[in-house]
Amino acid sequence: MILSFGPAGTAAWALGLPTLVALLGYLAAALVGTEREAAVRGTLMTGWIAHALAIAIDIGGIGAPIAGARFGFAPALSATMWLVLAVYAVESRFLPLAGVRRTLALLGAAAVLLAFLFPGELRPHALSRWAPLHWVLGIASYGLFGAAVLHAAMLNRAEQQMRHHEAAAPSGMPLLRLERLTFRFVGAGFIVLSAALLFGAWFAQPWRWDHKTVFSMLGWVVFAALLAGRRAFGWRGPLATRWLYGGAALLLLAYVGSRFVLEILLQRPPTL
């Protein structure tokens with residue numbers, strides 16, 4: 001069984017209940033019509049809170065026979081999606097973002113279900129007292145770049161609409177404002193990613209040039225080039241978003257991709 005720790009399936013029940021509530025909340029938010037705004041907000045918030053509880057139970061190793069944290073490719077995706085939904089929840093109170101609600105709700109449902117099916121490996125002891133900070137910063141950078149990718153996708157659609165003589169993005173947000181938000185998330189994600197890599201280099205003994213390290217560094221270089229190109233040459237539009245998508249894909253391969261190969265395809269526990 002995937003969830004085999006804990007007496008009499010304690011972990012399965014502990015994780016299964018918030019997972020089910022999150023799934024139902026997200027699916028309801030995706031299906032409810034936009035005219036019922038209060039119902040949409042309520043169901044999405046219910047799913048988001050239950051999702052947070054599922055992440056805490058899963059990553060915290062609640063119900064495990066020994067103290068430690070569980071982590072893997074699916075919990076990383078789940079935590080990233082939760083952070084993207086948190087950004088959406090805040091922004092949607094001030095900006096009209098109804099056009100992406102259904103997609104985000106369905107992605108949230110997929111992420112929480114994936115984390116239930118593949119909860120990751122239990123890690124009884126961290127390699128360093130700084131390791132948890134490295135993990136937190138890494139996931140935070142995933143979330144910030146995930147939010148940047150979301151806004152970049154909206155930006156691309158906005159530019160397509162501009163070609164058809166429409167003045168606003170699909171969300172109703174002015175194009176220049178959407179572009180500024182996109183690069184604010186890129187800048188914040190780059191700072192957090194840089195800190196994550198520094199802490200990773202600090203506590204990693206010995207330093208390993210494995211797939212995770214190589215893809216993370218390549219992603220960092222792409223984002224650094226994107227920010228430098230925008231500042232020096234005014235990169236924008238499809239050129240800028242292609243760089244953003246490329247950097248995000250490299251980061252996805254860095255942790256989620258390498259862990260997926262090790263945990264699912266090769267079925268052997270990865271090292272951090």
Side-chain angles (χ1 to χ4, degrees), residues 76-77 80-81 83-88 90-92 94-97 99-100 103-104 107 134 137-202 207 209-258:
L77 279 177
T80 300
M81 196 63 230
L83 289 171
V84 173
L85 282 160
V87 170
Y88 167 80
V90 173
E91 284 192 341
S92 63
F94 305 99
L95 301 169
L97 297 175
V100 299
T103 299
L104 288 180
L107 288 174
H134 167 68
L137 288 171
I139 291 300
S141 70
Y142 264 52
L144 289 167
F145 285 124
V149 167
L150 169 66
H151 287 75
M154 295 165 59
L155 186 60
N156 285 339
R157 289 185 61 191
E159 291 174 343
Q160 291 175 2
Q161 286 193 341
M162 290 289 287
R163 296 191 187 100
H164 293 86
H165 309 290
E166 297 180 21
S171 62
M173 192 188 307
L175 186 63
L176 291 178
R177 187 175 187 181
L178 181 56
E179 185 180 54
R180 284 196 298 269
L181 276 173
T182 301
F183 281 94
R184 283 175 185 171
F185 281 115
V186 172
F190 180 76
I191 292 171
V192 176
L193 175 62
S194 300
L197 292 174
L198 286 174
F199 277 107
W202 189 357
W207 176 266
W209 282 103
D210 54 14
H211 292 85
K212 179 171 71 73
T213 302
V214 171
F215 281 120
S216 296
M217 293 301 299
L218 287 174
W220 185 90
V221 169
V222 168
F223 287 122
L226 170 59
L227 292 172
R230 179 169 171 80
R231 184 175 183 85
F233 307 111
W235 287 359
R236 60 192 310 174
L239 173 63
T241 55
R242 282 196 294 267
W243 278 80
L244 171 55
Y245 294 154
L250 288 169
L251 280 191
L252 195 65
L253 289 172
Y255 189 90
V256 174
S258 61

[X] to [Y] - nearest heavy-atom pair and separation:
X    : Y    : value
T182 : A152 : OG1-N, 3.9 Å
F223 : G247 : CZ-C, 3.4 Å
S216 : L197 : CB-CD2, 3.8 Å
V84  : A147 : CG2-N, 3.8 Å
A196 : G138 : CB-N, 3.7 Å
L250 : F215 : O-CB, 3.5 Å

Taking atom [atom1] of [X] and atom [atom2] of [Y], what is their separation to the nearest 0.5 Å?
X    : Y    : atom1 : atom2 : answer
L251 : L193 : CG    : CG    : 5.5 Å
R177 : H151 : CZ    : NE2   : 10.0 Å
T241 : N156 : OG1   : CG    : 4.0 Å
L77  : L252 : CG    : CG    : 6.0 Å
R231 : F183 : CZ    : CZ    : 13.5 Å
L239 : L244 : CG    : CG    : 11.5 Å

*Go through the steps to decide whether L181 and E91 satisfy the test side chain to side chain contact (heavy atoms under 4.5 Å, CB included), and finish with yes or no.*
CA-CA 10 Å; L181 276 173; E91 284 192 341; 3.8 Å; yes
*Please name all residues satisfying salt bridge (Lys or Arg N to Asp or Glu O under 4.0 Å) with R236, sequence neighbours left out, ordered by chain then number.*
E179
*Decide yes or no for V87 and F185: does some side-chain heavy atom of the first lie under 4.5 Å from some side-chain heavy atom of the second?*
yes
*L104 and M81, any side-chain heavy atoms less than 4.5 Å apart*: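 Yes; the side chains approach each other to less than 4.5 Å.
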*asked:* Please enumerate all residues that pass side chain to side chain donor-acceptor pair (under 3.5 Å) together with W220, with sequence neighbours excluded.
replied: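 Counting only residues at least two positions away or on another chain, W220 forms a side chain to side chain donor-acceptor pair (under 3.5 Å) with S194.
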_I want to know whether Y255 and Y142 have ring centres closer than 6.0 Å._
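For Y255 and Y142, the ring centres are not under 6.0 Å apart.
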